[in-house]
Amino acid sequence: MDIRELVKPKVNPNIPQISAGDTVRVSLKAKEGDKERLQHFQGVVIKVRKGVNGGSFTVRRVSYGVGVERTFPFQSPFMENVEVLRHGQVRRAKLYYLRRLSVKQARLKERRERAIEQAMPQEEPQEGPTQEEPTSE
């Protein structure tokens, strides 16, 4: 008997397809006393882990000169929304090397979607006569 048969992970529809190198903004429900508000955490995804329990992803940012990493499970009921701001161009699945770089050195280039750019033909303006509706006077 496999644990995958017993536990079926629930997919959160508010999480888009993310990968290492993406800059994301995660909105979480934060409950303080009897009030509830949204708390945002923005940074670079350095790790995406998939597994039987649904997996998780780790986001890193530098706040006041101190590196902060936070791991979010994909099945978290407190996750309101995940918004992908940029797709970074990386050649690794785990970006642990960003931990030892300065903030300026840790910037990632933006990934270019060449296939999408070539597949979408640019519309050219037509130079034919335009038909105007006759005006009744």
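Numbering starts at 1 and runs along the sequence shown.
To the nearest 0.5 Å, atom CG of residue Asn14 and atom OG of residue Ser76 are 11.0 Å apart. Atoms OG and CZ, on Ser56 and Phe72 in that order, are 10.5 Å from each other to the nearest 0.5 Å. Interatomic distance, CG of Asp22 versus CD of Glu83, reported as 12.5 Å (0.5 Å rounding). Atom CD1 of residue Ile46 and atom OH of residue Tyr97 lie 10.5 Å apart, to the nearest 0.5 angstrom.
A continuous path of Ile, Leu, Val, Met, Phe, Trp and Tyr side chains, each step under 4.5 Å between heavy atoms, connects Phe41 with Phe74, placing both in one hydrophobic cluster. Note on Phe57 and Leu28: same hydrophobic cluster, where clusters join Ile, Leu, Val, Met, Phe, Trp and Tyr whose side-chain heavy atoms are under 4.5 Å apart, directly or indirectly. Residue Val82 is not grouped with residue Phe78 when hydrophobic side chains (ILVMFWY) are merged at heavy-atom distances under 4.5 angstrom, including chains of intermediate members. By the rule that hydrophobic residues join a cluster once side-chain heavy atoms approach within less than 4.5 Å of another member, Val45 and Leu98 end up as members of separate clusters. Residues Val24 and Val44 do not share a hydrophobic cluster, clusters being chains of Ile/Leu/Val/Met/Phe/Trp/Tyr side chains in contact below 4.5 Å.
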**Request:** Take Gln42 and Leu85 through the side chain to side chain contact (heavy atoms under 4.5 Å, CB included) test and state the conclusion after the steps.
**Result:** CA-CA 9 Å; Gln42 181 175 332; Leu85 303 176; 3.4 Å; yes
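Between the side chain of Asn12 and the backbone N or O of Gln75, no donor-acceptor pair lies under 3.5 Å.
Counting only residues at least two apart or in different chains, salt bridge (Lys or Arg N to Asp or Glu O under 4.0 Å) contacts with residues 36-56 comprise Glu32-Arg37.
In this structure, Pro73 and Met79 approach most closely via the heavy-atom pair O-CE, 3.1 Å. Contact detail for Lys29 and Pro77: the closest heavy-atom pair is NZ-O, 4.1 Å.
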Side-chain donor-acceptor contacts of residues 58-68 below 3.5 Å, not counting sequence neighbours, with atom names and distances?
{"residue": "Thr58", "atom": "OG1", "partner": "Thr71", "partner atom": "OG1", "Å": "3.1"}
{"residue": "Arg60", "atom": "NH1", "partner": "Glu69", "partner atom": "OE2", "Å": "3.1"}

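Counting heavy atoms of neighbouring residues, nucleotides and ligands inside a 6.0 Å radius, atom CZ of Arg92 does not exceed 12 of them.
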